[in-house]
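Here's the structure we're looking at; comments come further down.
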2 protein chains.
Amino acid sequence: MYTKYNVMIQHANISEPIYLRLKEMILNGELKQGEKIVQEKIADMLGVSRTPLMKALLALENEYLVESIPRRGMYIRSWDKKEIIDIYICREAIEGMAARLLAQSKDENIIKQLRDCFSPFLNSKEINLDAYTEADEVFHSLLIKLTGNAPLDKIYFFGNIHEKVIGHGLIRPPEETLNEHFKIIKAIEKGDADAAEQFAREHIKKSRELLFDQ
Amino acid sequence: MYTKYNVMIQHANISEPIYLRLKEMILNGELKQGEKIVQEKIADMLGVSRTPLMKALLALENEYLVESIPRRGMYIRSWDKKEIIDIYICREAIEGMAARLLAQSKDENIIKQLRDCFSPFLNSKEINLDAYTEADEVFHSLLIKLTGNAPLDKIYFFGNIHEKVIGHGLIRPPEETLNEHFKIIKAIEKGDADAAEQFAREHIKKSRELLFDQ
DNA sequence: ACATTGTATTTTGTATACAAAATACAATGT
DNA sequence: ACATTGTATTTTGTATACAAAATACAATGT
C-alpha cells in the first residue's frame, strides 16, 4: 500500500500523515470549529516543523475544512445550516448526473458492484446499523467512481468530506433508504437515464429536507 | 482592490501573485503540458524562494493544473479529449442545477443581471467577438454565483479553470448561442425550473458534442 | 554494442532563522 | 471608569541550510 511504502523509505513526505491526523482531529472535535491553528503549537504537538504542516493545512483549506486569513492565520471552518444544505444540493447535482451516466453505460459489472453493496441486507430481518452506514458510504462513492469521470469524482470528494464532518452518517432508517437505493440501481440496470437521475436526486433531497426540518 | 492592498503593505503574502503568474504561464503556453517544474529554477525566474512558490503550486495542484509526484516533482498536467469532455459533463450538472435554483428563487434582480450580460448584443448587426466571449464568461460565472450556493461555486471554479486553459473560449458562433442564453434566462424568469435546467444543460451539451466531433 | 554498476550532481522534503505584521497588555490621558 | 497610545511578545511569511532521494552519466563488464 501507499502508506506502507512511505513508512519503508525513510525520508518520505510527512505531509500526508499530518493531513490525515489533522482531518481526524477536526472530525472528532479535538480541533473545534472556529478555532485558530497556531502553527508552531500544532507542529510541536505532532513533532514536525511548520513546513510540512503548512502543506497539510493548504490541502485542508482546499477541502473547505480550514480557512486562511492572510497574515492572521488558519482557522477551523465552521458550517452553518445553510452551508450544509448547499452541500446537499451539490450532491444532488453530482450524484444525479452520475446515475444518469451509469444508466447510459449499460455495464453489467457496474450493476453487480452496486447491487453487492446492499445485497447482504436484503433478507436480514434486523439490519446492522454500522454495516449499513458503511455500505451507504461505499454505494454513494461507487456511484461516482464507476462513471470513470475523474473530475466529477474530484468535485464530489469535497462535498463528501463535509457530510462526514458534520457527522450525520445516516439521516433516515435503512428500512426507508434500502428501497430507494434499489430503485436507483434498477433504473440504471434498465438504462433509464432520466429515472436513474430522478431517483438519485430524490434520495438525497429527502435527507436534505429532513435535515432542514429538524 | 485586494491586489493593490498587497502591494501597499510591504510584507504581504507573495504566494498570490506567484500563483497568478504561474497560471498565466500555463494558460499562454510558457509552461507546457507535461513539463516538469524545477522549483529552484522557477523560483529564481520569479525572484522568490521555494517556500511561497510551493504554496502557489499546491493551490494549482488543487485546481488540477499541476500534478505532484512525491519525491519526483511537480508537473504541468496534460489533458486528453476524454478529460475535457468529462469536465463539460460536470459543467452540465452544475450549471443545470444553478439554473434550476435561480428559477426557483424568482428574484427580479437576478434576471436583470443575467439579461445585462447580453443586452448590448441584442440589436447590433455585427457582434464583437472579444466582447461576446467576455460576456459569455461573465454569464456562466454569474449563473453560479447568483445562486448564493458557495460550495457550488467552489466546485464549478475548478471546471471553469480548465475550460480557459484548454482555450476554446467560444466553440460556437454568437448567432447560435445568443438565443440559447436568452432561452435560459426566460425560463428562469418564468420560474420554470425544469425548463431552465434543461436549456442550461443542452447549451453546454451542444458545445461538448461539437468538440467531440472535431 | 549493450547492459549494469558506481559515483557526482541535481532536486526534493524538512527544519530553522529572521524580519515584519499582529496581538496582548501595561501605561497614560481624559 | 473608559479610551488611547506605546511597548513587549507572539505569530506569520519568506529565505535558506542541510540531509536524503532522484537523476545523470561515466566506468566497467559481458
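We name chains A, B, ... by the order of the sequence lines, and we start the count at 1 in each one. In this text, all values refer to a predicted model and were calculated from it rather than measured experimentally.
The distance between atom CD of B:Glu40 and atom C1' of C:dT10, rounded to the nearest whole Å, is 10 Å. The interatomic distance linking A:Lys41 (NZ) with D:dT9 (P) rounds to 20 Å, in whole Å. Here C:dT14 presents its P atom at 7 Å from CD1 of A:Ile18, a figure rounded to the nearest Å. If you take CG of B:Asp44 and P of D:dT14, they are 17 Å apart, rounded to a whole angstrom. Computed from coordinates, the B:Ile69 CD1 to D:dA22 C1' distance equals 12 Å when rounded to whole Å. Look at CG on B:Leu46: it is 14 Å from C1' on D:dT14, rounded to the nearest Å. In this structure, the OH atom of A:Tyr75 is 10 Å from the C1' atom of C:dA22, given to the nearest Å. Rounded to an integer number of Å, the gap from NZ of A:Lys55 to P of D:dT14 is 16 Å.
Of the charged side-chain nitrogens involved, at least one lies within less than 4.0 Å of a carboxylate oxygen, so that B:Glu63 and B:Lys23 count as a salt-bridged pair. For B:Arg21 and B:Glu30, the salt-bridge test passes: some basic side-chain N is under 4.0 Å from an acidic carboxylate O.
A cation-pi contact, defined as under 6.0 Å to the ring centre and within 45° of the axis, links A:Arg77 to A:Tyr64.
Across C:dG13, C:dT14, D:dT12, the shortest atom-to-atom separation from the side chain of B:Met54 is found for C:dG13.
In this structure, B:Asp153 contributes its side chain and B:Asn149 its backbone to no donor-acceptor pair below 3.5 Å. Judged by distance alone, the side chain of B:Glu35 and the main-chain N or O of B:Lys32 form a donor-acceptor pair under 3.5 Å.
B:Ile37 comes within 4.0 angstrom of the backbone, heavy atoms only, and of no base. A:Lys36 comes within contact range of the sugar-phosphate backbone alone, with a heavy-atom separation under 4.0 Å but no base atom that close.
Counting only Watson-Crick and G-U wobble pairs whose two distances sit under 3.5 Å, DNA chain D takes part in these stems of three or more pairs: C:1-30 with D:1-30.
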Give each protein N/O atom lying under 3.5 Å from an N/O atom of nucleotides 15-18 of chain C, with the pair distance.
unit_1 : atom_1 : unit_2  : atom_2 : d
C:dA15 : OP2    : A:Ser49 : N      : 2.6
C:dA15 : OP2    : A:Ser49 : OG     : 2.5
C:dA15 : O5'    : A:Ser49 : OG     : 3.4
C:dA15 : N7     : A:Thr51 : OG1    : 2.6

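For B:Arg72 and D:dT23, the shortest distance from a side-chain N or O to OP1 or OP2 is below 4.0 Å. In this model, the phosphate group of C:dT12 is not approached by any side-chain N or O of B:Ser68 to a distance below 4.0 Å at OP1 or OP2.
The environment of NZ in A:Lys36 is crowded: more than 12 heavy-atom neighbours from other residues, nucleotides or ligands sit within 6.0 Å.
Between B:Glu180 and the choices B:Arg201, B:Lys206, B:Lys205, the salt bridge (Lys or Arg N to Asp or Glu O under 4.0 Å) rule is met once, by B:Lys206.
The ring pair (Phe, Tyr, Trp, His ring centres under 6.0 Å) search around B:Phe118 returns B:Tyr132, B:Phe139, B:His181, not counting sequence neighbours.
Pairing each heavy atom of B:Ile188 with each of B:Ala196, the nearest pair is CG1-CB, 3.9 Å.
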